[in-house]
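Contents: one structure, followed by commentary.
On a predicted model such as this, the values are computed, not experimentally measured, just so you know.
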Amino acid sequence: MELALGRERKKVVVIGGGVAGSLLAKSLQFLADFTLIDEKEYFEIPWASLRAMVEPSFAERSVINHREYLTNGQIIASRAINVSDTEVLTATGRLIPYDYLVIATGHADRVPKTKTERLSEFQEENQKIRSANSILIVGGGPTGVELAGEIAVDYPDKKVTLVHTGSRLLEFIGPKAASKTLNWLKSRRVEVILEQSVSLNNISDGSKTYQTSEGGTFEADCHFLCTGKRLGSAWLKETVLENSMDVNGRLKVDENLRVKGRKNIFAIGDITNIPEIKQGYLAQKQALVAAKNLKVLLAGGKESKLATYEPHSVMALVSLGRKHGVAQFPLTTISGRIPGLIKSKDLFVGKTRKQLGLEPHPVHD
């Protein structure tokens with residue numbers, strides 16, 4: 001759909017350069033006066049970060065500078081701190097005007113600003129794993145489970161203990177998948193402690209004794225906290241969108257992925273109140289629907305032409321090391337090498353790079 005000749009280019013601003021924001025930015029960069037606002041200079045494929053902790057070189061492909069795929073837009077490496085009806089204010093004091101705004105700030109995560117610093121972090125985390133004989137993982141959701149699996153496969157001699165407050169692992173999916181996952185971890189000598197918590201107060205890494213909520217103690221040379229991250233919406237509470245959030249801090253969107261009551265503000269990814277589990281591949285699907293709708297609006301198309309987004313039923317793929325995995329589909333749950341072939345070998349890194357118009361394997365200078 002071509003823009004009318006002679007018409008002044010509309011200003012599109014995307015806040016957040018994660019899974020959803022980066023794909024939408026790539027899709028729209030040549031169709032508008034485009035700005036991406038993100039507090040870091042790169043996009044990181046989030047589900048690949050655990051592999052990068054045990055194999056730091058993996059991050060060379062999964063951490064991608066925004067400028068690699070966003071060749072035509074303006075990139076502002078700063079936090080957004082306020083939104084008005086017409087402008088975004090950044091932490092560095094810049095006011096960025098917009099005709100259309102997309103909010104894709106996902107979950108708040110403390111990460112360095114530059115790719116070089118992020119790669120160094122993976123090296124440090126890898127050294128922490130390599131130098132430890134025993135490792136504690138706190139949290140039995142997908143992050144904790146996948147990290148335990150990565151360490152158990154790459155470092156089978158290390159003692160790995162996973163502590164989870166819930167009655168089963170992976171509570172966001174069904175009990176059958178959780179049971180298969182527990183059995184796989186146990187077969188790799190990972191000790192799993194359920195329905196207990198661990199106090200991490202006043203504990204720093206280095207051969208420490210940890211205590212569980214039941215009074216048990218065990219030794220671990222280091223620990224990794226793999227519990228849920230805060231939503232990246234706290235900054236919106238004193239903006240024009242303060243009444244557009246639900247009780248959980250998620251932005252309420254309509255079927256076209258616009259913030260309810262707003263014609264020119266979209267929200268995509270984990271920050272939305274769409275009733276489906278928050279997963280990267282669904283954030284990407286939302287990004288493509290929002291991009292399609294923005295193309296219609298930028299070309300002066302009718303509202304009736306806007307695409308709708310339908311919530312998806314639960315489907316999950318959890319990687320277990322390099323070759324295995326557990327998959328829950330709407331009608332069946334499978335574990336072993338088949339889901340491993342789907343996800344675990346490359347963790348969709350090549351596919352995600354291709355979506356951004358990049359080579360699956362970067363050519364080094």
Side-chain angles (χ1 to χ4, degrees), residues 3 9-49 52 56-81 88-123 232 266 268-269 280 283-284 286-288 290-291 294-295 298 346-365:
L3 298 181
R9 285 164 75 82
K10 296 286 189 182
K11 294 177 172 62
V12 175
V13 174
V14 175
I15 305 174
V19 172
S22 61
L23 185 55
L24 183 136
K26 188 261 175 188
S27 304
L28 292 178
Q29 59 180 320
F30 296 104
L31 299 179
D33 181 350
F34 192 88
T35 303
L36 174 67
I37 300 173
D38 190 26
E39 55 188 312
K40 57 194 187 331
E41 296 174 358
Y42 56 89
F43 159 58
E44 178 176 339
I45 301 173
W47 53 86
S49 62
S57 61
F58 197 74
E60 294 283 353
R61 296 171 58 226
S62 63
V63 180
I64 302 162
N65 278 321
H66 291 312
R67 190 47 80 197
E68 287 185 55
Y69 67 88
L70 195 63
T71 56
N72 199 52
Q74 177 183 208
I75 299 168
I76 298 174
S78 177
R79 280 184 305 113
I81 59 172
V88 178
L89 175 64
T90 72
T92 50
R94 292 183 66 174
L95 276 173
I96 314 298
Y98 69 85
D99 295 299
Y100 293 99
L101 175 65
V102 183
I103 299 174
T105 46
H107 282 84
D109 203 3
R110 287 184 183 172
V111 291
K113 189 167 185 173
T114 70
K115 175 176 178 175
T116 301
E117 291 170 322
R118 185 63 174 131
L119 295 181
S120 294
E121 262 191 359
F122 284 126
Q123 293 283 358
F266 289 76
I268 53 176
Q284 290 171 326
Q286 291 175 32
L288 293 174
L294 279 159
K295 287 174 186 176
L298 289 167
D346 189 56
L347 301 178
F348 303 129
V349 169
K351 180 183 177 186
T352 304
R353 289 180 63 86
K354 283 202 276 190
Q355 282 181 301
L356 292 174
L358 303 173
E359 291 292 327
H361 290 270
V363 178
H364 291 292
D365 298 329

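- The backbone N or O of R61 lies less than 3.5 Å from a partner atom in the side chain of R353, making a donor-acceptor pair.
- The shortest non-hydrogen separation linking V19 to A283 is CG1-CB, 4.1 Å.
- Between F122 and S49 there is a side-chain heavy-atom pair separated by less than 4.5 Å.
- Side-chain contact between T352 and W47: present, with at least one pair of heavy atoms (C-beta onward) separated by less than 4.5 Å.
- Interatomic distance, CG of L36 versus NE2 of H66, reported as 5.0 Å (0.5 Å rounding).
- Judged by distance alone, the side chain of N72 and the main-chain N or O of Q29 form a donor-acceptor pair under 3.5 Å.
- Counting heavy atoms from C-beta outward, K351 and Q284 have side chains that stay 4.5 Å or more apart.
- No option in I96, V102, L101 other than L101 meets the side-chain contact (heavy atoms from CB on, under 4.5 Å) test with Y98.
- A side-chain donor-acceptor contact under 3.5 Å links K115 to the backbone of V63.
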Subject >> Worked verdict on L70 versus F34 for side chain to side chain contact (heavy atoms under 4.5 Å, CB included) >> reply: CA-CA 10 Å; L70 195 63; F34 192 88; 4.1 Å; yes
Original post:
Can I64 and Y42 be said to form a side chain to side chain contact (heavy atoms under 4.5 Å, CB included), step by step?
Top reply: CA-CA 5 Å; I64 302 162; Y42 56 89; 5.9 Å; no
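- Taken to the nearest 0.5 Å, the CG atom of N65 stands 13.5 Å off from the CZ atom of R118.
- Among R94, K11, Q74, the single residue meeting the side-chain hydrogen bond (donor to acceptor under 3.5 Å, both in side chains) criterion with T35 is Q74.
- For the pair L356/F43, a side-chain contact is recorded, criterion being any heavy-atom separation below 4.5 Å from C-beta on.
- Using a 3.5 Å distance cut-off with no hydrogens or angles, the side chains of T114 and E117 do pair a donor with an acceptor.
- The shortest distance between side-chain heavy atoms of K113 and E41 falls below 4.5 Å.
- A48 and L347 make their closest contact through CA-CD1, 4.0 Å (heavy atoms, listed as atom of the first residue, atom of the second, distance).
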**OP:** Decide side chain to side chain contact (heavy atoms under 4.5 Å, CB included) for L119 and E60; before the verdict, give the C-alpha distance in whole Å, the side-chain angles of both, and the deciding distance to 0.1 Å.
**Re:** CA-CA 8 Å; L119 295 181; E60 294 283 353; 3.8 Å; yes
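- Note that the CG atom of L288 and the CD atom of Q355 stand 7.0 Å from one another [nearest 0.5 Å].
- Atoms NZ and CG, from K10 and L31 in turn, are 14.0 Å apart once rounded to the nearest 0.5 Å.
- Under the 4.0 Å criterion applied to side-chain N and carboxylate O atoms, D109 and K40 are not assigned as salt-bridge partners.
- The line from CZ of R110 to CD of E39 is 10.5 Å long, rounded to the nearest 0.5 Å.
- Paired with T90 under the rule side-chain contact (heavy atoms from CB on, under 4.5 Å), one option of I15, L95, I76 passes, and it is I76.
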